[in-house]
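First up is the structure itself, then whatever we jot down about it.
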Amino acid sequence: MYSGDYVQGTIFPNPNCNPIMDAQMLGGALQGFGCDKDVLINILTQRCNAQRLMIAEAYRDMYGRDIIVDLKENLSDHFKDVMVGLMYPPPTYDAHELWHAMKGAGTEENCLIDILASRTNGEIFQMKEAYLMQYNSDLQQDICADTSGHLRDTLMNLVQGCRQEGYADPAMAGQDAMVLWEACQQKTGEHKNMLQMILCNKSYQQLWMVFQEFQNISGQDIIDALNECYDGYFLDLLVAIVLCVRDKPSYFAYRLHNAIHDCGFHNKTVIRILIARSEIDLMNIRKRYKERYGKSLFHDIKHFASGHYEAALLALCAGDTEDY
């Protein structure tokens with residue numbers, strides 16, 4: 001059902017990881033004269049997150065300092081964002097991104113959409129806990145305060161983390177598809193509400209069938225129908241949910257391509273997706289990217305980024321030589 005291929009990241013546990021030696025090398029790189037960025041890249045991008053957390057602990061024991069603080073003090077710009085981002089456990093990284101998307105002058109809706117449309121119930125639960133621990137604030141309340149309208153209702157629904165999992169009822173699929181179809185015709189507040197309830201609460205397996213039924217009823221793909229009926233961030237969120245149901249790696253390939261080409265290399269988005277998906281499905285994302293856009297992700301990052309920042313992103317991509 002999910003395009004059948006094996007889901008794979010680009011970063012794996014490194015059998016040669018020795019947290020104490022790594023911490024020592026990092027200490028030398030960070031505390032010596034001039035910061036040796038190559039050492040940081042070689043160690044931090046070649047260890048999995050669990051190993052980085054062990055290195056951070058060894059670093060604290062050795063120097064009595066927090067490695068995140070030292071990275072922040074010694075690095076700058078986007079390179080800093082990559083290195084610091086790698087040091088957070090995944091739920092804390094999601095929480096960090098959401099917090100920063102909401103705390104500035106404007107809200108960065110695309111970040112909220114990317115994260116909340118794509119995470120599993122378990123990931124959402126852990127992210128809410130991490131958010132509370134890190135910022136002493138309630139994620140749901142912050143989303144409620146920072147967004148509005150049907151976008152807010154849908155994000156609030158997603159952040160509950162109440163999607164059915166693994167359950168499918170073929171008999172209901174036709175009924176759900178009818179509701180979606182009516183919601184595309186009528187567009188009343190009530191219809192929008194029913195639309196988002198189905199998209200946020202039904203299992204992926206169920207929604208696969210619903211989208212198929214929708215096509216049968218309307219003669220139209222659900223995404224085309226949504227594009228004709230809705231607009232703004234509400235539309236972006238609905239489309240993101242549908243794309244994630246169909247194939248998450250394709251969704252992230254699309255978001256990366258968009259961030260690189262349509263937004264003049266939107267660094268935050270590129271960094272966030274590469275770090276967040278590096279141990280989940282970044283290998284699949286790379287594959288989809290190449291299939292769909294002809295050029296590899298590796299090639300496009302090389303073309304737009306430079307210096308140590310480029311080297312760090314390419315290391316996360318774990319590009320093969322044929323990707324150049």
Side-chain angles (χ1 to χ4, degrees), residues 1-5 7 109-110 112-125 128 140 143-144 147-255 258 281 284 288 292:
M1 185 142 89
Y2 294 104
S3 33
D5 52 2
V7 181
E109 285 86 356
N110 283 325
L112 306 184
I113 291 171
D114 267 355
I115 293 177
L116 293 171
S118 64
R119 302 306 192 251
T120 62
N121 290 349
E123 287 165 342
I124 287 171
F125 178 75
K128 286 194 286 194
Q140 275 160 270
I143 289 172
C144 189
T147 55
S148 61
H150 292 289
L151 173 71
R152 174 172 61 196
D153 298 342
T154 313
L155 289 170
M156 291 295 284
N157 197 339
L158 288 170
V159 81
Q160 310 277 333
C162 290
R163 185 181 293 288
Q164 294 172 339
E165 291 186 334
Y167 172 80
D169 177 0
M172 273 300 288
Q175 217 171 313
D176 289 340
M178 275 307 290
V179 173
L180 292 186
W181 189 69
E182 279 172 21
C184 288
Q185 307 303 307
Q186 318 246 0
K187 297 189 285 196
T188 65
E190 194 187 340
H191 282 93
K192 286 181 187 174
N193 216 18
M194 279 152 48
L195 172 73
Q196 61 98 352
M197 291 294 281
I198 291 174
L199 291 181
C200 296
N201 297 324
K202 302 283 178 172
S203 72
Y204 275 23
Q205 291 80 351
Q206 180 73 11
L207 288 172
W208 263 82
M209 294 191 293
V210 172
F211 299 157
Q212 198 48 59
E213 287 291 335
F214 184 92
Q215 175 92 40
N216 299 343
I217 293 167
S218 65
Q220 205 179 19
D221 183 74
I222 179 82
I223 290 187
D224 295 334
L226 292 170
N227 277 321
E228 282 175 17
C229 302
Y230 296 107
D231 55 18
Y233 289 118
F234 179 55
L235 169 67
D236 293 344
L237 177 53
L238 298 178
V239 167
I241 296 170
V242 174
L243 292 174
C244 285
V245 169
R246 287 186 166 159
D247 186 61
K248 256 178 221 183
S250 292
Y251 169 68
F252 285 115
Y254 154 72
R255 288 289 297 132
N258 183 270
D281 53 6
N284 308 72
R288 295 286 189 277
R292 177 183 265 197

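Nearest heavy-atom pair, Cys244 versus Tyr204, reported as atom, atom and distance to 0.1 Å: O-CE2, 3.5 Å. Here the closest non-hydrogen pair linking Ile241 and Cys200 is CD1-SG, 4.2 Å. Taking every heavy atom of both residues into account, Gln205 and Ala168 meet most closely at CB-CB, 4.0 Å. Scanning both residues, Cys229 and Cys184, for their nearest heavy atoms gives SG-O, 2.9 Å.
Within the 3.5 Å criterion, the main-chain N or O of Gly189 finds no donor-acceptor partner in the side chain of Asn193. A donor-acceptor pair is defined here as one N or O able to donate and one able to accept, closer than 3.5 Å; such a pair exists between the side chain of Glu123 and the backbone of Thr120. Under the 3.5 Å distance criterion, the side-chain polar atoms of Ser203 are matched with a main-chain donor or acceptor of Tyr167. For Ser118 (side chain) and Ile115 (main-chain N/O), a donor-acceptor pair under 3.5 Å exists by modelled atom type. The closest donor-acceptor contact from the side chain of Trp208 to the backbone of Val245 lies under 3.5 Å.
Contact of the Leu195 side chain with the Val179 side chain is not registered, since no non-hydrogen atoms from C-beta on lie closer than 4.5 Å. Inter-residue side-chain proximity for Leu158 and Arg163 is flagged as met; some heavy-atom pair is nearer than 4.5 Å. Between Asp169 and Gln164, every side-chain heavy-atom pair lies at or beyond the 4.5 Å cut-off. Looking at heavy atoms from C-beta onward, Leu180 lies out of side-chain contact with Ile217 at the 4.5 angstrom threshold. Proximity of Val159 to Leu155: side-chain heavy atoms (C-beta onward) are nowhere separated by under 4.5 Å. Residues Glu165 and Asn121 are in side-chain contact: their nearest non-hydrogen atoms beyond the backbone lie under 4.5 Å apart. A heavy-atom distance below 4.5 Å is not found between the side chains of Ile222 and Gln215. The side-chain heavy atoms of Tyr233 and Asn110, taken from C-beta on, include a pair separated by under 4.5 Å.
Residue Tyr254 holds its OH atom at 8.5 Å from CZ of Arg292, rounded to the nearest 0.5 Å. Rounded to the nearest 0.5 angstrom, Ile113 CD1 and Asp236 CG are separated by 5.0 Å. The CG atom of Asp176 sits 5.5 Å away from atom CD of Gln206, with the distance rounded to the nearest 0.5 Å. Here the CG-CD distance, from Leu226 to Gln220, works out to 9.0 Å after rounding to the nearest 0.5 Å. Separation of atoms CG (Leu151) and NZ (Lys192) is listed at 11.5 Å; rounding is to 0.5 Å. A distance of 4.0 Å separates CE in Met172 from NZ in Lys202, rounded to the nearest 0.5 Å.
Within 6.0 Å of OH on Tyr230 lie more than 12 heavy atoms contributed by other residues, nucleotides or ligands. In Met197, the CE atom is not crowded: 12 or fewer heavy atoms of neighbouring residues, nucleotides or ligands sit closer than 6.0 Å.
The side-chain contact (heavy atoms from CB on, under 4.5 Å) test with Asn227 singles out one residue from Asp221, Val239, Leu238, and that residue is Val239.
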Next item on the list: Begin with the C-alpha distance, continue with both residues' side-chain angles, and end with the deciding distance and a verdict on side chain to side chain contact (heavy atoms under 4.5 Å, CB included) for Asp153 and Met156.
Entry: CA-CA 5 Å; Asp153 298 342; Met156 291 295 284; 5.8 Å; no
Margin query: Show, in sequence, the C-alpha distance, side-chain angles and deciding distance for Ser250 and Leu243, and conclude whether the side chain to side chain contact (heavy atoms under 4.5 Å, CB included) test is met.
Written below: CA-CA 7 Å; Ser250 292; Leu243 292 174; over 6 Å; no
Margin query: Using side chain to side chain contact (heavy atoms under 4.5 Å, CB included), reason through Leu207 and Val242 one step at a time and then give a plain yes or no.
Written below: CA-CA 8 Å; Leu207 288 172; Val242 174; over 6 Å; no
Next item on the list: Please test Gln140 against Gln160 for side chain to side chain contact (heavy atoms under 4.5 Å, CB included), starting from the C-alpha separation and ending with a verdict.
Entry: CA-CA 8 Å; Gln140 275 160 270; Gln160 310 277 333; 3.3 Å; yes
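Taking 4.0 Å as the cut-off between side-chain N and carboxylate O, Lys248 and Asp281 do not count as a salt-bridged pair.
Applying the salt bridge (charged side-chain N to carboxylate O under 4.0 Å, His left out) rule to Arg152 yields no partners; only residues at least two apart in sequence or on another chain are considered. Scored by the salt bridge (charged side-chain N to carboxylate O under 4.0 Å, His left out) test, Arg119 finds Asp94 as partners (sequence neighbours excluded).
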